[in-house]
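Side-chain atoms are counted along with the backbone in the values below, which use heavy atoms only and exclude waters and symmetry mates. Chain identifiers are assigned alphabetically (A, B, ...) following the order of the sequence lines, protein sequences preceding nucleic acid strands; residue numbering begins at 1 within each chain.
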Amino acid sequence: MTAAAEPSGLYRTVALIRGFEQRAVELVRDGVIRGGIHPCTGQEAVAAGTCAALRPDDVITSTHRGHGHVLAKGADPARMMAELAGRSTGLNQGRGGSMHAADFAAGVLGADAIVGAAVPIAAGAAWAMRQAGADRVALAYFGDGAVSQGVVLESFNLAALWRVPVVLVCENNGFATSMRPADTMAGTVVGRAAAFGIPAAVVDGMDPQAVLDATTGAVERARSGGGPTLLECVTYRFDAHHTWEHTARPRYRTDEEVAAGTARDPLEIQGARIPAATRATIDAETAELLDEAVRFALAGPHPDPATALDHLYATGLRPRAGAL
Amino acid sequence: MPRLSYLKALNRAIGDEMERDPAVCVLGEDIGVAVTYATAGLLRRFGRDRVLDTPISEQAFTSFATGAAMAGMRPLIEFQIPALLFLAFEQIANQAHKFSLMTGGQTRVPVTYLLPGSGSRDSWAGQHSDHPYSLFAHVGVKTVVPATATDAYGLLVTAIRDDDPVVVFAPSGALGVREDVDLAGLAPVPLGSARIHRAGTDVTVVAVGHLVHDALAVADELAGTVSVEVFDPRSLHPFDWAGLAASLERTGRLVVVDDSNRSCGIGAEIVATAAEEMRLVAPPRRVTRPDGAVLPFARELDLACQPTRSQLRAAVEKSVGAG
Ligand SMILES: Cc1ncc(C[n+]2csc(CCOP(=O)(O)OP(=O)(O)O)c2C)c(N)n1
Ligand SMILES: [Mg+2]
């Protein structure tokens, strides 16, 4: 068992993501992070549990609400924070931001801002890794809202048909912006998997250990040639859909509902499983790490406007400018 | 006079048309709570049968609207992000747009596609910052890009009443624009009719969407040295070619400022048509995004890819210096 999969390791990852999001939300308020973020507060158990079941050479694709996934897979929080702040020291050199954070060295093929768009990408990567003779797997995250995208269901079919080593992780956080699954979804998430003959399970997405256990089984199946598995991790979005909501406050859930939804907290659930002293040490180490991450982010240089279209083409092709 | 914001104008246009014509209905994501504000209050006023909060299924609900239109409805679709037009491009360019001709005129597809917040939104990065109006003009879908609140009202009303598909781009750079208006005087604006915001004699600046306001600012800066005519096409397809020709008869010089990528952007078409058919005493110029630009996230980089006032000013000065 890797350190991340130990009870204290799961707690450490959950605490890291929680603290990261708190600091990122503050930096949005301060105007340091532009464009806002989609905080994953409350959903940390899904990222922590799934990634703890993966090897460093496995890969993930993520979503617009992807900070937790990227951190849990092993990206450096300092370079991640620098990316959100748009600095050249960021994971993507300030080119991607919150919704496109990628770290290929850590197996993060990238977050994606288009709902559902990364699911076929994960499946394709998984297929290619198997073609290359490796036993690596890919894991795709997507929301409850994404199962209404045609491309997601088409990907289920491809993955099942070709027994692709991909793990399909639906994070059902109760909302797609203002919409609830009951308003947008005929049938169920696991029912969609069943239609393609994909084994599927509903998992307690508030419990890092339960997520780890379920993912371990899914990863073993994928690695051993058994094809895809779908896990519907039921969780709750504690914070806004997007930080824009902190000022605009659209009303789509009541305070009572939020209170009920946040009553089970992955930080507390996992925290209760480890000795108090261990927890305190992890909390202190995490705070130090994240304070340093913010310092690193703020110290990073802003990119030079003359480099705006660097990397537009892999071949280095230079586009014409917009004014002569 | 009441002050009307651009977003309120869009909202008012949809409400007025729904009031006037029971066939008008609205589909989109989170339109009940009105995340973009364009649909604010409509669910309460018109109910769930006419204001449909959709699943995140753009391809399906875009052609769903096509089918409904062919069966007598007049749907408006709100897309939350301009890039969703890429997702639904097949449904608009290859389905809705083609049915009138392919059926030999048996059907019509009166659907409006509304994009509140097109173009850069101040660091929303590569997949939220596109401004693909030229793409729709290119395939021949009717395309409008209002710059002001009154035009937003007038063009959206016209789009809804039009019997063909129409894409309405509401640039994020214009959403904050407010105007003192006589609400009773709000009226439909015909497609293909430009608006001259400021008359001038030396140079015609054709500015698209939010860039109209930049062009007006540059015209102000240059007042006294260069007399700039600010020409807002409002509708890109159809385009007011006669209006542009008349303007160039007066000025003979043309600068286009256009938030499209340079290659194959609407600016290229405007410059080419002017060069072929209109009076020019100096080479026409364009200020655009770079070729094939993907807007990077960091603010400095995002801005570096968009047309700026200083680029426009330089282009106007070069145009006057030449010829
Ligand atoms: C294809 C597409 N449609 C619409 C949007 C706008 N949008 C961004 S997030 C979101 C809701 C996504 O809900 P869900 O998949 O449940 O993920 P969550 O936000 O809950 O993490 C929507 C509609 C988008 N980014 N992509
Ligand atoms: Mg969701």
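- Here the straight-line distance linking atom CD of A/Gln93 with atom CZ of B/Phe297 works out to 14.0 Å at 0.5 Å rounding.
- A/Met185 is not listed as a side-chain neighbour of B/Pro55, based on a closest heavy-atom distance of 4.5 Å or more.
- The contact between A/Arg251 and chain B is made entirely by backbone atoms, counting heavy-atom distances below 4.5 Å.
- Ranked by heavy-atom pairs under 4.5 Å with chain A, the first of B/Val294, B/Asp53, B/Val287 is B/Asp53.
- Of the candidates A/Val115, A/Thr184, A/Asp144, A/Val115 is the only one forming a side chain to side chain contact (heavy atoms under 4.5 Å, CB included) with B/Ile56.
- The CZ atom of A/Arg34 sits 9.0 Å away from the CG atom of B/Asp302 when rounded to the nearest 0.5 Å.
- Remark: A/Arg320 CZ is packed, more than 12 non-hydrogen atoms of other residues, nucleotides or ligands lying under 6.0 Å away.
- Most heavy-atom pairs under 4.5 Å with chain A: of the set B/Ala298, B/Gly292, B/Cys305, this distinction falls to B/Ala298.
- If you tally non-hydrogen atom pairs under 4.5 Å between each of B/His128, B/Arg121, B/Glu29 and chain A, the highest count goes to B/His128.
- Per-residue heavy-atom pair counts under 4.5 Å with chain B were compared for A/Asp112, A/Val152, A/Val151, A/Val147, and the maximum is reached by A/Asp112.
- Between the side chain of B/Ser57 and the backbone N or O of A/Ser148 there is at least one donor-acceptor pair closer than 3.5 Å.
- Between the CE atom of A/Met179 and the CD1 atom of B/Ile31 there is a distance of 8.5 Å, given to the nearest 0.5 Å.
- Annotation: side chain of B/Val35 is not in contact with side chain of A/His241 (no heavy-atom distance under 4.5 Å).
- More than 12 heavy atoms of other residues, nucleotides or ligands sit less than 6.0 Å from atom CG of A/Asp30.
- Rounding to the nearest 0.5 Å places CZ of B/Arg286 at 8.0 Å from CG of A/Leu324.
- Remark: B/Phe64 CZ is loosely packed, at most 12 non-hydrogen atoms of other residues, nucleotides or ligands lying under 6.0 Å away.
- Closest of all the heavy-atom pairs between A/Ala113 and B/Gln127 is N-OE1, 2.9 Å.
- Contacts of A/His242 with chain B are made by side-chain atoms alone, with heavy-atom separations under 4.5 Å and no backbone atom involved.
- The contact between A/Leu84 and chain B is made entirely by backbone atoms, counting heavy-atom distances below 4.5 Å.
- Between chain B and the options A/Gly145, A/Ala306, A/Pro181, A/Pro250, the largest number of non-hydrogen pairs under 4.5 Å is found for A/Gly145.
- B/Glu58 contributes atom CD, which lies 8.0 Å from atom CD1 of A/Ile114 (distance to the nearest 0.5 angstrom).
- Listed for the B/Arg262 side chain is a donor-acceptor partner under 3.5 Å among the backbone atoms of A/Gly322.
- Here the shortest heavy-atom pairing between B/Ala304 and A/Pro305 reads CB-O, 3.8 Å.
- With rounding to the nearest 0.5 Å, the separation of OG1 in B/Thr54 from CG in A/Asp183 is 11.5 Å.
- Formation of a donor-acceptor pair under 3.5 Å by the B/Gln311 side chain with backbone atoms of A/Ala323 is not found in this model.
- Contacts between B/Leu87 and chain A at a heavy-atom distance below 4.5 Å involve the side chain alone, from C-beta outward.
- Contact count against chain B (heavy-atom pairs under 4.5 Å) is highest for A/Pro319 among A/Gly90, A/Pro319, A/Ala248.
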